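Following: one structure in structure tokens, then a few remarks.
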Amino acid sequence: MQGDLCKVDDIQKVFKLYRFEAVIHFAGLKAVGESVSKPLRYYSNNLVSTINLMEVMSKNNCKNLVFSSSATVYGQPESVPCTEDYPLHVTNPYGRTKLINEDIMRDVHHADPEWKIVLLRYFNPVGSHPSGEIGEDPMDYPNNLMPFVQQVAVGRKEVLTVFGQDYPTRDGTGIRDYIHVMDLASGHTKALDKLFTTPDIGCAVYNLGTGKGTTVLEMVAAFVKASGKEIPLKYAGRRPGDCREVYAATEKAEKELGWRAKFGIADMCRDQWNWAKKNPYGYRGHQELEVHAQKFIKSEPLSNRHWAL
Ligand SMILES: NC(=O)c1ccc[n+]([C@@H]2O[C@H](COP(=O)([O-])OP(=O)(O)OC[C@H]3O[C@@H](n4cnc5c(N)ncnc54)[C@H](O)[C@@H]3O)[C@@H](O)[C@H]2O)c1
Ligand SMILES: O=c1ccn([C@@H]2O[C@H](COP(=O)(O)OP(=O)(O)O[C@H]3O[C@H](CO)[C@@H](O)[C@H](O)[C@H]3O)[C@@H](O)[C@H]2O)c(=O)[nH]1
């Protein structure tokens, strides 16, 4: 069923039709840059949706929740890997909505201990379903590294801009913990198992990452190897708000959820390339995308056009 979590009625309709044991709450806006220019849109959508959802869940006596949080709540940590008890520090409105949502959930559990909540802090999800049938298809200009790399590989973009080559890292580019979406998915089923089998889980938090840091250039090299395509690069200054290096401590998830990532960056790039070559224009196909782009160009001011060109 489709609905808007900012509309309580939409949620109530679903809860009238079905009885849920638990909810996995993925919904939210997630573009960091857009959140800086449109903070109210982010606060309004990402917070109101969570509050409405939890209110309706509570009324329907469904108090088991898994939430998509993010490694962004660690900001630039003092040291890596980040353990779940690190101080939380956000640098943009998107990140702040994740942190506020986490705080809301901690408060709700504190007020009503019947709530059982798992906060999953995702690191950098990439890759696709191994079938090549399900993958990421950004609706507009891709902000994240791998969707951009993919669009260069299929010829939709000419060149990848590397943001920053002067970080104190092994090749000067930023380090992240890239995790295969299939591993991320299995982390959710493990989190649900944990909720259902742990009466006193409270509001628990787990990192979902591999524990390994990879630079931008290493990630590009892995994709070149998997695809056989060239990825031309150009270098630009650091992207505002980017941190130098983040990767996950994975011990807590391993010990308490019985989960650890199985896939490495070669697997992520292989599966993402399989999706990309089968669907170079995503779910919508080339023609539909062109029509959409033309409409967009006609209706939007010049400054917003760049993505469609
Ligand atoms: N992809 C990442 O790099 C990443 C990293 C950390 C955390 N997360 C979080 O994981 C979750 C899923 O991310 P994703 O990559 O699949 O993002 P996505 O943008 O592909 O999916 C989010 C979905 O939420 C829906 N949505 C937004 N507001 C809604 C509302 N008010 N009512 C109903 N639906 C609404 C959107 O329509 C979209 O389909 C998000 O909460 C995101 O912040 C993602
Ligand atoms: O065109 C690009 C895009 C990215 N990068 C670099 O690639 C790395 C990864 O960037 P990106 O894929 O945008 O991921 P993050 O900035 O790490 O943020 C992602 O990962 C966070 C969790 O770690 C989530 O909270 C965010 O929503 C999600 O966008 C960074 O060093 C970027 O500077 C480039 O060099 N060129």
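Counting starts at 1 for both ligands and their atoms, in listed order. Given the structure is predicted, the values throughout are model-derived calculations rather than measurements.
For ligand 2, the polar-atom distance check against L145 finds a nitrogen or oxygen pair separated by under 3.5 Å. Of the polar atoms of F163, at least one N or O is found under 3.5 Å from an N or O of ligand 2, judged by distance alone.
For atom 17 (O) of ligand 2, the closest heavy atom belonging to the protein is R176 NE, 2.6 Å. Nearest protein heavy-atom neighbour of atom 29 (O) of ligand 2: N144 ND2, 2.7 Å. Looking at atom 19 (O) of ligand 1, its nearest protein heavy atom turns out to be K30 CE, 3.8 Å. The closest protein non-hydrogen atom to atom 43 (O) of ligand 1 is Y94 OH, 2.8 Å. At the top of the distance list for atom 16 (O) of ligand 2, counting protein heavy atoms only, stands R239 NH2, 2.9 Å. Annotation: atom 44 (C) of ligand 1 to nearest protein heavy atom, Y122 CD1, 4.0 Å. For atom 23 (O) of ligand 2, the closest non-hydrogen atom on the protein side is N124 OD1, 3.0 Å. Given atom 28 (N) of ligand 1, the protein heavy atom at minimum distance is N45 ND2, 3.0 Å. In this structure, atom 32 (N) of ligand 1 lies nearest to the protein heavy atom L5 N, 2.9 Å. Looking from atom 11 (C) of ligand 1 to the surrounding protein, the closest heavy atom is F26 O, 3.1 Å. At the shortest separation from atom 35 (C) of ligand 1 among protein heavy atoms lies A27 CB, 3.6 Å. Nearest non-hydrogen protein atom to atom 21 (O) of ligand 1 is G28 O, 4.8 Å.
Heavy atoms of Y122 found under 4.0 angstrom from ligand 2 belong exclusively to the backbone. Counting heavy atoms under 4.0 Å from ligand 2, residue V216 touches it through the side chain alone. Contacts of E136 with ligand 1, taken as heavy-atom pairs under 4.0 Å, are absent altogether.
Within ligand 2, counting atoms from 1 as listed, the ones closer than 4.0 Å to a heavy atom of Y94 are 25 (O), 27 (O). Atoms of ligand 2 lying under 4.0 Å from at least one heavy atom of L160, given by number and element, are 1 (O). For ligand 2 and D242, the ligand atoms under 4.0 Å from any heavy atom of the residue are 16 (O), 30 (C), 32 (C), 33 (O). Residue-ligand proximity, V162 to ligand 2, at heavy-atom distances under 4.0 Å covers atoms 35 (O). Contact atoms of ligand 2 toward N143: 3 (C), 13 (O) (distance under 4.0 Å to a heavy atom of the residue). The atoms of ligand 2 that sit less than 4.0 Å from any heavy atom of T72 are 25 (O). Shown in contact with S70 at under 4.0 Å from a heavy atom are these atoms of ligand 2, numbered in order with element: 21 (C), 22 (C), 24 (C), 25 (O). Short contacts between ligand 2 and F123, defined as distances under 4.0 Å to a heavy atom of the residue, involve ligand atoms 22 (C), 23 (O).
Within 6.0 Å of atom NZ in K278, more than 12 heavy atoms from other residues, nucleotides or ligands are found, so the atom counts as buried in its surroundings.
Minimum interatomic distance between Y247 and F123 (heavy atoms only, all atoms of both residues): C-CE2, 3.6 Å. Here the closest non-hydrogen pair linking S49 and L5 is CB-CB, 3.5 Å. Smallest separation of non-hydrogen atoms from Y235 and L217: OH-CD2, 3.5 Å. Nearest heavy-atom pair, M268 versus F263, reported as atom, atom and distance to 0.1 Å: CE-O, 3.7 Å. Taking every heavy atom of both residues into account, E84 and V205 meet most closely at CG-O, 3.5 Å.
For the residue pair D271/H180, the side-chain donor-acceptor check at 3.5 Å is satisfied. In this model, a donor atom of one side chain and an acceptor atom of the other lie less than 3.5 Å apart for E254 and T250. Between the side chains of Y122 and S68, at least one donor-acceptor pair of N or O atoms lies under 3.5 Å. For the 3.5 Å distance criterion, the side chains of R121 and Y74 qualify, holding a donor opposite an acceptor. Between the side chains of Y42 and E34, at least one donor-acceptor pair of N or O atoms lies under 3.5 Å.
Note: F67 and H188 fail the aromatic proximity criterion, with ring centroids not under 6.0 Å apart.
For H25, the heavy-atom gap to ligand 1 stays at 4.0 angstrom or more. By the 4.0 Å heavy-atom criterion, S69 is counted among the residues contacting ligand 1. Distances shorter than 4.0 angstrom occur between a heavy atom of Y178 and an atom of ligand 2. Using a non-hydrogen distance threshold of 4.0 Å, T161 registers as a contact of ligand 2.
Cation-pi geometry between R238 and Y167 is met: under 6.0 angstrom from the ring centre, within 45 degrees of the axis.
The heavy atom nearest to atom 30 (C) of ligand 1, considering only N52, V32, D4, is found in D4.
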